[in-house]
S.K.: 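After the structure tokens below, expect a handful of questions from me.
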Amino acid sequence: MRRTKRLALGLVLMLALALPSCPGGGLAESQVIVAAIQPEAGDISPAQAEALAQAAFFADCGFTEAQRSEFDCSAALYPELLQGDPPLPRRYEVLFTHRDTGLTYRLAVASPSGGLLPQDNDNFGEALAQAKAQFAMDSHISAQTRRWEERFGPYPFWSYKTKAHFNARYHSDPGPCAIDTGITLPDPADLSETEALAQAESALLKEFDLTAQDVASLETDVAFHARWQVDEEKGPRNCWVICYRRPEARGKGIYPLIYQVNVLSPKGKAYARRNLEPEDLLTLGFSQELADRLTELTELWHVPHGGRFFHADPACKSVPEKYHPLKPFPTGKLLSPPFKTLAPCPFCVQ
């Protein structure tokens, strides 16, 4: 009896969520939520309602005996609802749930007549076939992921190249199951990895106060991304992403990214940026509090050609109107000329 009551309550909640809502977010006036009730002497039994619904469901979808065992079935009795839209007779709501995919099929069986009421289950067979195919693919990829993890360790620690080979092998079009969506192998027409690394090094030497020896001392991780969002206005493009990290930081719990260079393919244009750490800014004489706050910002602003301060607010009121709009620059460039000579604005930064 307890199981029947819990089942009935669950179906009430499920049906409440399934009812369409009116534009204001509530239920339409003609819709009424009612609780399930216990069968009476004149009603057909839940088992009879399930049997009638199963016969119609399996005949409608043409399922084999093996396929029928893939579904769980539940039924609850509801009273007559004359003020509903449309009006509903006393009936059992029977729900079939596919165990693997969670897809559901609903039928209503009138009581005591046992007649089936119209339900909207169009294209259920097609939807189930698609859901099962997706489930099978996801299961296969999960199994392959576990197999690769036995060799390469947990996937968050895989190199970009490992992720790219995994995606290329198991995802013809990287989707939500891919490891780091978008990482893949380049086409022959794309920029080669060697060419991308050369462009990235040139960009670092140009943008930051670095030598070739400095760049060579950093560890690199290289990935080719399909449809990387480099510029919001120009949309996603194929791109090499080269990340640089300090080797001495490996194995200490934190392995921070220091530089990142995006190299567009096949043209080779490079965009370099530096990720700041609080320790970097302490060398410039900033307080620990200010250093911590600045490392959370990706962009700062300044007045080119003579400005003495950097700003956190692009509309800082301390700057005369004639110098607006302020020019943005990546926060990471605070460590390189000419930005390293700028002082924090006492109004919007300090």
Side-chain angles (χ1 to χ4, degrees), residues 152-153 156-165 180 183 185-186 190-225 228 230-231 237-288 290-300 302 304 307 310 327-344:
F152 299 107
F157 302 101
W158 292 1
S159 70
Y160 281 137
K161 289 182 180 179
T162 300
K163 293 175 182 177
H165 281 281
D180 284 1
I183 296 179
L185 299 176
D190 283 304
L191 204 67
S192 71
E193 181 177 333
T194 301
E195 292 170 323
L197 285 168
Q199 293 289 349
E201 180 176 343
S202 296
L204 288 178
L205 297 178
K206 179 181 178 182
E207 295 289 336
F208 303 102
D209 190 14
L210 296 172
T211 65
Q213 289 75 20
D214 293 330
V215 177
S217 70
L218 299 172
E219 287 190 355
T220 59
D221 202 359
V222 185
F224 185 81
H225 282 257
W228 180 273
V230 178
D231 189 314
R237 288 172 285 177
N238 289 355
C239 176
W240 284 97
V241 179
I242 299 98
C243 298
Y244 297 83
R245 294 179 170 87
R246 293 195 186 102
E248 62 269 21
R250 181 183 287 275
K252 296 182 179 179
I254 299 176
Y255 191 36
L257 169 67
I258 305 302
Y259 298 98
Q260 178 176 315
V261 184
N262 300 335
V263 184
L264 300 185
S265 180
K267 293 185 178 181
K269 186 174 182 180
Y271 299 82
R273 67 177 177 86
R274 191 192 198 287
N275 285 353
L276 285 179
E277 299 172 271
E279 292 75 12
D280 296 324
L281 296 175
L282 292 177
T283 64
L284 300 179
F286 296 158
S287 67
Q288 184 69 57
L290 179 58
D292 290 338
R293 189 152 59 90
L294 287 175
T295 54
E296 296 176 357
L297 303 176
T298 59
E299 199 168 44
L300 296 169
H302 74 117
F310 63 84
K327 188 173 182 179
F329 67 95
T331 306
K333 289 193 174 182
L334 274 178
L335 303 178
S336 304
F339 304 102
K340 66 187 304 181
T341 62
L342 298 177

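Since the model is a prediction, treat every value here as computed from it, not as a measurement.
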S.K.: Can you tell me how far CZ of F224 sits from OG of S192, rounded to the nearest 0.5 angstrom?
M.R.: 11.0 Å
S.K.: Which word best sums up how the rings of F329 and F339 line up, parallel for under 30°, tilted for 30 to 60°, or perpendicular for over 60°?
M.R.: parallel
S.K.: Determine whether D214 and F208 make a side-chain contact, defined as any pair of heavy atoms from C-beta on separated by less than 4.5 Å.
M.R.: no
S.K.: Is the closest side-chain heavy-atom distance between T331 and F310 below 4.5 Å?
M.R.: no
S.K.: Can you name the closest pair of heavy atoms from V261 and A203 and give their distance?
M.R.: CG1-CB, 4.3 Å
S.K.: For residues A291 and L282, report the shortest heavy-atom separation together with the two atoms involved.
M.R.: CB-CD2, 4.2 Å
S.K.: Working to the nearest 0.5 Å, report the span between CD of Q199 and CD1 of I242.
M.R.: 9.5 Å
S.K.: Could you grab the distance from atom CD of Q260 to atom CZ of R273, nearest 0.5 Å is fine?
M.R.: 4.0 Å
S.K.: What is the distance from atom CG of L191 to atom NZ of K269, rounded to the nearest 0.5 Å?
M.R.: 14.5 Å
S.K.: Just one of V215, V263, V222 clears the side-chain contact (heavy atoms from CB on, under 4.5 Å) bar with L197, so which one?
M.R.: V222
S.K.: With side chains defined as the heavy atoms from C-beta onward, is the minimum distance between L264 and Y271 less than 4.5 Å?
M.R.: yes
S.K.: So, taking the atom named NZ in K333 and the one named CG in L342, what distance separates them when rounded to the nearest 0.5 Å?
M.R.: 12.5 Å
S.K.: What are the two closest non-hydrogen atoms of P338 and T341, and how far apart are they?
M.R.: O-OG1, 2.7 Å
S.K.: Can you find a side-chain donor-acceptor pair between N238 and S265 that sits under 3.5 Å?
M.R.: no
S.K.: Indicate yes or no: at least one non-hydrogen side-chain atom of Y259 is less than 4.5 angstrom from one of C243.
M.R.: no
